[in-house]
Protein chains: 2
Amino acid sequence: MSTKTETRKEEIIRVAAKLFKDKGYSAVTMRDLAAEMGIKAASLYNHITSKQTILQEIIIAIAEEFTQGMNEIIRNDANTIERLKQIIGLHVRIAIDNADGLAALNSDWMHLENKLDYYLELRQNYESNFLSVINKGIDNNEIKQINPDVLMFSMLSTLRSLYLWIPKKGAINQEELSNALSLILIEGINI
Amino acid sequence: MSTKTETRKEEIIRVAAKLFKDKGYSAVTMRDLAAEMGIKAASLYNHITSKQTILQEIIIAIAEEFTQGMNEIIRNDANTIERLKQIIGLHVRIAIDNADGLAALNSDWMHLENKLDYYLELRQNYESNFLSVINKGIDNNEIKQINPDVLMFSMLSTLRSLYLWIPKKGAINQEELSNALSLILIEGINI
DNA sequence: AACACAAACTAACAATTGTTAGTTTGCTCC
DNA sequence: GGAGCAAACTAACAATTGTTAGTTTGTGTT
């Protein structure tokens with residue numbers, strides 16, 4: 001690890017993400033979170049400012065990670081199949097090192113309040129880039145002529161569900177999972 | 001329609017499903033639900049017995065619909081590709097005629113309390129049948145040699161997300177969507 | 001020994017939660 | 001016009017919610 005040791009605040013956020021994953025943001029109380037940390041609810045507020053900002057910090061960090069990853073993929077000059085594989089790799093990587101956070105992003109983004117518009121903007125941008133990769137691939141005859149919306153929906157559905165699946169498998173090989181998914185998601189559309 | 005006109009209880013459950021879809025079970029209050037119905041919260045209890053049973057009725061009905069549909073597919077003697085298409089059709093059909101309920105099933109099943117074990121049993125059964133269809137297809141050389149778990153996960157992820165996608169499209173042709181999905185989900189694994 | 005400071009604590013708050021009890025309203029049928 | 005009944009209402013409850021204020025504890029530094 002290159003990061004220094006976890007601060008108390010980071011620890012709270014990490015534990016919160018785990019609880020959010022199991023019961024959802026709304027069903028987790030500050031007393032639940034405190035109990036899991038082994039302290040009283042009021043003590044949490046020495047480190048964080050509100051329940052709401054915990055959710056924001058979890059989700060926005062991941063959303064920006066996706067945005068940055070997609071930007072790098074768009075910026076490079078790989079072909080379509082290669083880019084689709086990079087997108088799969090991006091999702092697998094993030095899902096493996098922050099499955100709990102991803103759960104919150106997928107299930108509780110609608111409770112973001114302040115940061116909701118910003119989140120939706122990032123997501124819209126991400127999907128728009130994804131779609132342009134697919135469209136370019138179709139135009140260039142690199143992939144089959146398939147309804148681009150349905151294709152993106154199908155791929156994204158699988159990739160967004162990764163967090164549900166990864167914890168079930170023991171030590172997963174990131175490379176291996178990436179390849180297995182590429183096979184299933186891409187082989188069928190490859191020309 | 002073959003069913004008689006909706007009872008007040010059914011109307012409450014339908015409206016509840018819509019609210020659950022938007023905010024999640026825990027975030028919807030009985031006062032929210034009452035307001036949407038144009039009445040006071042206490043009045044709801046003339047028709048339903050608790051918030052919890054509303055959730056149960058929504059989810060269990062759908063889960064049993066899936067169970068029954070899968071049983072019919074298992075019982076018939078179609079080949080593997082045909083059966084996979086039938087499974088896709090089953091999901092599309094249910095998603096189209098009860099998108100809101102499906103949202104609750106997918107997002108709020110963990111709040112089922114009493115009925116949680118029963119739900120998990122139905123789901124386990126469903127997935128076990130799904131997997132056996134895939135495994136038989138591999139054994140008989142009807143589909144490619146792919147990791148069966150990854151394949152089922154990928155297909156189920158897409159099918160389970162249908163409810164998110166269907167409302168966006170205007171009047172969707174059930175047949176059409178079924179076929180487009182079959183193309184994407186099956187063409188790649190067909191031999 | 002005194003200080004500084006992070007991090008825990010106790011006590012309390014105002015608001016919101018699901019739900020119950022008992023009452024009123026309005027329609028239908030004799 | 002009165003009986004029956006579904007479906008709304010008002011009022012209230014005990015519990016739980018996120019959060020604040022002020023205080024204590026413990027550890028390391030001067």
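Numbers restart at 1 for each chain; the letters A, B, ... are given by sequence-line order, proteins then strands.
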Peer 1: Between P on D:dA6 and CD on B:E6, what's the gap in Å once rounded to a whole number?
Peer 2: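 These atoms are roughly 19 Å apart.
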
Peer 1: Which residues pass the side-chain contact (heavy atoms from CB on, under 4.5 Å) test with B:M152, not counting sequence neighbours?
Peer 2: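 side-chain contact (heavy atoms from CB on, under 4.5 Å) check on B:M152 returns B:E127, B:F130, B:L131, B:I134, B:L156.
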
Peer 1: Rounded to whole Å, please give me the gap between CD in A:E11 and P in C:dA7.
Peer 2: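 A:E11 atom CD is separated from C:dA7 atom P by 10 Å.
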
Peer 1: I'd like to check the side-chain contact (heavy atoms from CB on, under 4.5 Å) partners of B:E175; sequence neighbours left out, ordered by chain and number.
Peer 2: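 So B:E175 forms a side-chain contact (heavy atoms from CB on, under 4.5 Å) with B:N173, B:N179.
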
Peer 1: Apply side-chain contact (heavy atoms from CB on, under 4.5 Å) to B:T49 and list each qualifying residue two or more places apart in sequence or on a separate chain.
Peer 2: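 Here the qualifying residues are B:T53.
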
Peer 1: Under 4.0 Å: is that the gap between some side-chain N or O of B:H47 and OP1 or OP2 of D:dA8?
Peer 2: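 Indeed, a polar side-chain atom of B:H47 lies that close.
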
Peer 1: Dot-bracket for DNA chain D, 5' to 3', with Watson-Crick and G-U pairs under 3.5 Å, [ ] for crossing pairs and | for other-strand pairs: what is it?
Peer 2: ||||||||||||||||||||||||||||||

Peer 1: Round to the nearest Å and state the distance from A:I39 atom CD1 to D:dT24 atom C1'.
Peer 2: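 Rounding to the nearest Å, CD1 of A:I39 and C1' of D:dT24 are 15 Å apart.
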
Peer 1: Ring of A:Y45, cation from A:K51 - is the NZ or CZ under 6.0 Å from the centre and inside 45° of the axis?
Peer 2: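 Not flagged: A:K51 not positioned over aromatic ring of A:Y45.
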
Peer 1: Suppose the criterion is side chain to side chain donor-acceptor pair (under 3.5 Å): which pairs have a residue in residues 86-99 of chain B, not counting sequence neighbours?
Peer 2: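 Qualifying pairs: B:E65-B:R93, B:N76-B:Q86, B:H91-B:Y126.
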
Peer 1: One character per nucleotide, please: for nucleotides 10-20 of chain D, 5' to 3', B when the base has a protein heavy atom closer than 4.0 Å, S when only the sugar-phosphate does, - otherwise.
Peer 2: BBB----BBBB

Peer 1: Tell me the ring-ring contact (aromatic ring centres under 6.0 Å, His included) pairs involving residues 70-89 of chain A, sequence neighbours left out?
Peer 2: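 Every candidate ring-ring contact (aromatic ring centres under 6.0 Å, His included) pair involving residues 70-89 of chain A fails, so no pair, neighbours aside, qualifies.
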
Peer 1: Salt bridge (Lys or Arg N to Asp or Glu O under 4.0 Å): which pairs involve residues 98-117 of chain B, sequence neighbours left out?
Peer 2: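 Salt bridge (Lys or Arg N to Asp or Glu O under 4.0 Å) check on residues 98-117 of chain B returns B:K21-B:D100.
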
Peer 1: Between atom CG in A:N46 and atom C1' in C:dC5, what is the gap in whole Å?
Peer 2: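 Result: 11 Å.
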
Peer 1: Who passes side-chain contact (heavy atoms from CB on, under 4.5 Å) against A:T158, sequence neighbours left out?
Peer 2: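 So A:T158 forms a side-chain contact (heavy atoms from CB on, under 4.5 Å) with A:L181, A:L185, B:F153, B:S154, B:S157, B:T158.
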
Peer 1: Between P on D:dA6 and NZ on B:K9, what's the gap in Å once rounded to a whole number?
Peer 2: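 The distance from NZ of B:K9 to P of D:dA6 comes to 14 Å, rounded to the nearest Å.
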
